[in-house]
**Student:** 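Let me begin by handing over the structure; questions about it come next.
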Number of protein chains: 2
Amino acid sequence: MIKVAIVDDNTFLQKAIQDKLIFFNEIEIKFKANHGQDLLDKLDKNHNIDLILMDIEMPKMNGIEATEIVKSKYPQIKIIMLTVFDNDENIFKSIKAGADGYLLKEVNPEELHNAILETLKGGAIMTPSIALKTLKLFRNPELFEDIPNQEEYNLTTREIEVLEQLSKGLKYNSIAENLFLSVGTIRKHVENIYNKLQVHNKLEAIQKAKSNKII
Amino acid sequence: MIKVAIVDDNTFLQKAIQDKLIFFNEIEIKFKANHGQDLLDKLDKNHNIDLILMDIEMPKMNGIEATEIVKSKYPQIKIIMLTVFDNDENIFKSIKAGADGYLLKEVNPEELHNAILETLKGGAIMTPSIALKTLKLFRNPELFEDIPNQEEYNLTTREIEVLEQLSKGLKYNSIAENLFLSVGTIRKHVENIYNKLQVHNKLEAIQKAKSNKII
DNA sequence: GTTAAAATACGCAATTTAGCGTATTTTTTT
DNA sequence: AAAAAAATACGCTAAATTGCGTATTTTAAC
């Protein structure tokens, strides 16, 4: 059985999606959520879900934010965006957030079913209009460049230096040797870095630093 | 009538593609070419063509160069790449060259037919495995730069799955929960991964996996 | 020149990772 | 049907990381 969750703020559309899948016996709709926060709450209780069909425009927490969080906590869960809009921004953000596919709500039952199967097999699906936009984005690499929310974390020079060494996979005592410092100092720097970046381990720190172009 | 040209250096494959389309009456195979230069010559005589099904690996002039030239001379002609390989480099280069779609040769007749129609309607199509690679390239723009020696490490599916979770910054017990396994099992997988990749910690493993496009 | 920020350093405790061995069960291949 | 590979799981031990508190020295800012 394929365990699926539907996230949409419109109850009628929730139902419409469910109806499209009703005749495929191997698909089981485990639950429906009304918005991103609702989804997170429900996953917290039971994350035994294979795939999520996610709307984008929703109150409380939209589908893109929700995708980002779900993917960071449960990377094995596949997410297909299901939306009425196909504007570039949403597509781009969804992909960045980690969506595994992108369909328009007008998709027919067979296509939706097929999309679910292909996604679980490890592929990705997009409606042709979305695929086209994806290709266009590809041919315009400058669109990649502007990452808007370049937050300010006020890392010091030394902290950045330590972070750079961390990102090479070095352990504290190697970094200490490299910078002619004590291991205790490195530890303290790391601690301060974690506080500033609001993370709790090397990898998260490196990822956050990279996505904010600190290193 | 939809006027189609087939470009492939292998006569048997040319025929195989033609056969897939034989029962769709609105599709007319106007001509077949054996390589890029042959195609250009034939287009020079008659460019009244709607769409080209293009192989990549070919003598004289490969499909990517041919695509670039055709698109610059006859931008209205749609081009779908049809290839046996789905390596990142070919996909990327084809897109840059202006291809409107990318299919694997194993595509079945209905899908191929549908792809042609969708492409002529102004959309784009990709097989799910290609679409996935496209998404991954999107999320890792640094992968655009060239691909070095892709070594073989023989990681199993499960090991890759664990590695992917590791790469999100999850700790062993979260991974265990996500995959419904014991922490001991995760530890063992990680150990085996490290042995195969010849590394000694998370970060090195992730870096090696990424640079070899395992994840 | 005083103040604030940054860099340095240690100690303690708890958690997480890593390395090695062993063993059973399940799946795949031959 | 037998053999090989993959997936599962646990125990022991050591090493490394993380979190928190405290404190001194150096550098930069006012």
Side-chain angles (χ1 to χ4, degrees), chain A residues 1-2 47-48 50 72-77 120-122 151-210 212 214-215, chain B residues 151-210 212 214-215:
Chain A
M1 286 299 264
I2 298 172
H47 62 270
N48 189 7
D50 297 305
S72 74
K73 289 177 86 167
Y74 318 100
Q76 78 283 5
I77 298 181
L120 288 175
K121 276 200 303 191
E151 280 173 66
E152 194 52 75
Y153 291 102
N154 295 312
L155 294 196
T156 67
T157 320
R158 198 52 141 175
E159 284 164 354
I160 291 170
E161 196 171 12
V162 170
L163 200 44
E164 265 159 359
Q165 300 248 346
L166 265 191
S167 79
K168 307 296 179 194
L170 299 182
K171 48 186 72 161
Y172 294 174
N173 68 38
S174 306
I175 298 176
E177 276 181 29
N178 284 344
L179 304 181
F180 303 99
L181 295 174
S182 84
V183 178
T185 304
I186 303 300
R187 270 197 270 152
K188 180 50 77 180
H189 282 310
V190 171
E191 195 184 332
N192 294 335
I193 292 167
Y194 288 2
N195 279 326
K196 287 183 180 177
L197 297 184
Q198 290 289 307
V199 297
H200 303 281
N201 63 52
K202 280 187 191 181
L203 218 54
E204 285 175 356
I206 293 163
Q207 285 169 349
K208 197 145 189 175
K210 282 192 175 164
N212 284 279
I214 295 171
I215 56 172
Chain B
E151 280 173 67
E152 192 53 78
Y153 291 101
N154 295 313
L155 293 196
T156 67
T157 319
R158 198 51 141 179
E159 285 164 353
I160 291 170
E161 195 171 14
V162 170
L163 200 44
E164 265 160 358
Q165 300 246 348
L166 266 191
S167 78
K168 308 296 180 190
L170 298 183
K171 46 187 74 161
Y172 294 174
N173 70 38
S174 304
I175 299 177
E177 273 183 31
N178 282 344
L179 303 181
F180 301 98
L181 295 174
S182 84
V183 177
T185 303
I186 302 300
R187 270 197 272 152
K188 180 49 81 181
H189 282 309
V190 172
E191 196 184 332
N192 293 335
I193 291 167
Y194 287 3
N195 279 326
K196 287 183 181 179
L197 297 185
Q198 291 289 308
V199 298
H200 303 282
N201 63 54
K202 281 185 189 180
L203 217 54
E204 286 176 356
I206 293 163
Q207 284 169 348
K208 197 147 192 174
K210 281 193 175 164
N212 284 280
I214 295 170
I215 56 173

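All heavy atoms count here, side chains included; hydrogens, waters and symmetry mates do not. Naming: A, B, ... by sequence-line order, numbering from 1 per chain. Just so it is clear, the structure is predicted and the values come from calculations on it, not from any experiment.
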**Student:** Between A:K171 and A:V199, which has a closest nucleotide on DNA chain D that is more 5'?
**Tutor:**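 Going by which nucleotide is closer to the 5' end, it is A:K171.
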**Student:** Can you measure from NZ (B:K196) to OG1 (B:T156) and round to the nearest 0.5 angstrom?
**Tutor:**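 If I round to the nearest 0.5 Å, the distance is 5.0 Å.
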**Student:** Could you check B:R158 against A:N173 and say which one's nearest nucleotide on DNA chain D is further toward the 5' end?
**Tutor:**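 Here B:R158 is the residue nearer the 5' end.
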**Student:** Please state how far atom CD1 in B:I160 lies from atom P in D:dA6, giving the value in whole angstrom units.
**Tutor:**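 After rounding, the reported distance stands at 11 Å.
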**Student:** May I ask you to verify if any side-chain N or O of A:T185 is less than 4.0 angstrom from the OP1 or OP2 atom of C:dA9?
**Tutor:**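 The answer is yes; a side-chain N or O of A:T185 sits under 4.0 Å from OP1 or OP2.
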**Student:** For a quick test of reading the model: is some side-chain N or O of B:S182 closer than 4.0 Å to OP1 or OP2 of D:dC10?
**Tutor:**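 For B:S182, the contact criterion (side-chain N or O under 4.0 Å from OP1 or OP2 of D:dC10) is met.
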**Student:** Take atom CD of A:E161 and atom P of C:dA6, then tell me their distance rounded to the nearest Å.
**Tutor:**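 Spelled out: CD on A:E161 to P on C:dA6 is 15 Å.
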**Student:** So A:N201, base contact, sugar-phosphate only, or nothing? Heavy-atom distance under 4.0 Å.
**Tutor:**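 Sugar-phosphate: the residue A:N201, judged by heavy atoms under 4.0 Å, touches backbone atoms but no base.
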**Student:** Stepwise, does the ring pair (Phe, Tyr, Trp, His ring centres under 6.0 Å) test hold for B:Y172 with B:H189?
**Tutor:** CA-CA 11 Å; B:Y172 294 174; B:H189 282 309; over 10 Å; no
**Student:** Looking at CD1 of B:I215 and CD of B:Q207, how far apart are the two atoms once the value is rounded to the nearest 0.5 Å?
**Tutor:**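 Interatomic distance, B:I215 CD1 to B:Q207 CD, rounded to 0.5 Å: 10.5 Å.
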**Student:** Is A:K188 touching bases, backbone alone, or none of the nucleic acid, heavy atoms closer than 4.0 Å?
**Tutor:**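 Contact class for A:K188: base.
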**Student:** How close or far is atom C1' of D:dA4 from atom CG of B:N154, stated in whole angstroms?
**Tutor:**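 Distance, rounded to whole Å: 15 Å.
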**Student:** Quick one: OH on A:Y74 to CG on A:N48, what's the gap to the nearest 0.5 Å?
**Tutor:**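 Output value for this atom pair is 11.5 Å.
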**Student:** Report yes if a side-chain nitrogen or oxygen of A:K202 is closer than 4.0 Å to either non-bridging phosphate oxygen (OP1 or OP2) of D:dT17; otherwise report no.
**Tutor:**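 Answer yes for this pair, as a side-chain N or O of A:K202 is under 4.0 Å from OP1 or OP2.
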**Student:** Donor-acceptor check, side chain of B:E204 to backbone of B:Q198, threshold 3.5 angstrom: yes or no?
**Tutor:**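 Checked: no pair found.
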**Student:** Could you grab the distance from atom CD1 of B:I193 to atom CD1 of B:I206, nearest 0.5 Å is fine?
**Tutor:**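 Result: 10.0 Å between the selected atoms.
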**Student:** OP1 or OP2 of D:dG19 less than 4.0 angstrom from a side-chain nitrogen or oxygen of A:R187, does that happen here?
**Tutor:**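 Result: no.
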**Student:** Does a side-chain heavy-atom distance below 4.5 Å link A:T185 with A:L179?
**Tutor:**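 Side chain of A:T185 against side chain of A:L179, heavy atoms only: no contact under 4.5 Å found.
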**Student:** Under 4.0 Å between a side-chain N/O of B:Y194 and OP1 or OP2 of C:dG19, yes or no?
**Tutor:**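 No, outside the criterion.
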**Student:** Could I get a table of every N or O pair under 3.5 Å where one atom is in the protein and the other is in nucleotides 25-30 of chain D?
**Tutor:**
none

**Student:** Roughly, in whole Å, what's the span from CG in B:N192 to P in C:dG21?
**Tutor:**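 The distance from CG of B:N192 to P of C:dG21 comes to 13 Å, rounded to the nearest Å.
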**Student:** From CD1 of B:I186 over to P of C:dA18, roughly how many Å is that when rounded to an integer?
**Tutor:**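 Checked: the CD1 to P distance equals 13 Å.
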**Student:** Atom CD1 of A:I193 to atom C1' of C:dT8: distance rounded to whole Å?
**Tutor:**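 Rounded to whole Å, this separation is 14 Å.
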**Student:** Atom CZ of B:F180 to atom P of D:dA9: distance rounded to whole Å?
**Tutor:**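 In whole Å, D:dA9 P and B:F180 CZ are 13 Å from each other.
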**Student:** Answer with base, sugar-phosphate or nothing: what part of the nucleic acid does B:H200 contact at a heavy-atom distance below 4.0 Å?
**Tutor:**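 Answer is sugar-phosphate: B:H200 comes under 4.0 Å of backbone atoms only.
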**Student:** Taking only side-chain N and O atoms of B:H189, does any of them lie within less than 4.0 angstrom of OP1 or OP2 on D:dA7?
**Tutor:**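 So the side-chain polar atoms of B:H189 never come under 4.0 Å of the phosphate oxygens OP1 or OP2 of D:dA7.
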**Student:** Nearest whole angstrom, please: distance from the C1' of D:dC10 to the CG of B:L181.
**Tutor:**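 Checked: the CG to C1' distance equals 14 Å.
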**Student:** Looking at every strand, decide which applies to A:Y172 at a 4.0 Å heavy-atom threshold: base, sugar-phosphate, or nothing.
**Tutor:**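 Contact class for A:Y172: base.
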**Student:** So, taking the atom named NZ in B:K171 and the one named CG in A:L203, what distance separates them when rounded to the nearest 0.5 Å?
**Tutor:**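 The CG atom of A:L203 is 12.0 Å from NZ of B:K171, to the nearest 0.5 Å.
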**Student:** Check whether any side-chain nitrogen or oxygen of B:T156 sits under 4.0 Å from OP1 or OP2 of D:dA7, and answer yes or no.
**Tutor:**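 True: B:T156 side-chain N/O within range (under 4.0 Å) of D:dA7 OP1/OP2.
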